[in-house]
Amino acid sequence: MHPFHFGSSKEDVLQAIPERKIKKLVAGKKLLAVLRIGELIHVFDAQCPHRGADLTQANINRAGEIICPLHHYRFDMTTGDVRSGYCPPLAVYRSELKDNGLHIYLP
Ligand code: FES
């Protein structure tokens, strides 16, 4: 598996992804949403698994949940599990912040 690569250094990535703001990232044909909390990075599908709303417009809460802007379903930002609502889980992707940038492992 070839990781998708973003940024050229750790500092680059930290600067390009403002903390607690969700950034949209195009990785090939995939639209991803990237959320940074400190140096912890969460990568997930930019489309809500319920009806496809844009999750880069989502809110996040202190419980580590992503709240969809459309029907307010809530997803665990680490596992993608549905915490509130009825739909499949949100696809989340493993990533690593390295000295040469962010590596995102897509299936
Ligand atoms: S589209 Fe996200 S909760 Fe309905």
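Indexing begins at 1, ligand by ligand and atom by atom, following the structure's order. The chain is numbered in sequence order, starting from 1.
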For P89, which residues count as a side chain to side chain contact (heavy atoms under 4.5 Å, CB included) partner, sequence neighbours excluded?
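Checked P89 against side chain to side chain contact (heavy atoms under 4.5 Å, CB included); zero matches.
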Look only at the side chain of H42 and the backbone of Y93, and say whether a donor-acceptor pair between them is shorter than 3.5 Å.
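Side chain of H42 to backbone of Y93: no pair is present.
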Would you say the side-chain atoms of E19 pair up with the backbone N or O of G38, donor to acceptor, closer than 3.5 Å?
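A pair under 3.5 Å: yes.
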Out of curiosity, does [Y] fall in the hydrophobic cluster containing [X] (side-chain heavy atoms, cut-off under 4.5 Å, transitive links)?
X    : Y   : value
L25  : V13 : yes
L106 : L97 : yes
L35  : V43 : no

Using heavy atoms and a cut-off under 4.0 Å, could you grab the residues that are in contact with ligand 1, chain by chain, numbers ascending?
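The answer is C48, H50, R51, A53, C68, L70, H71, Y73, counting any residue whose heavy atom sits under 4.0 Å from ligand 1.
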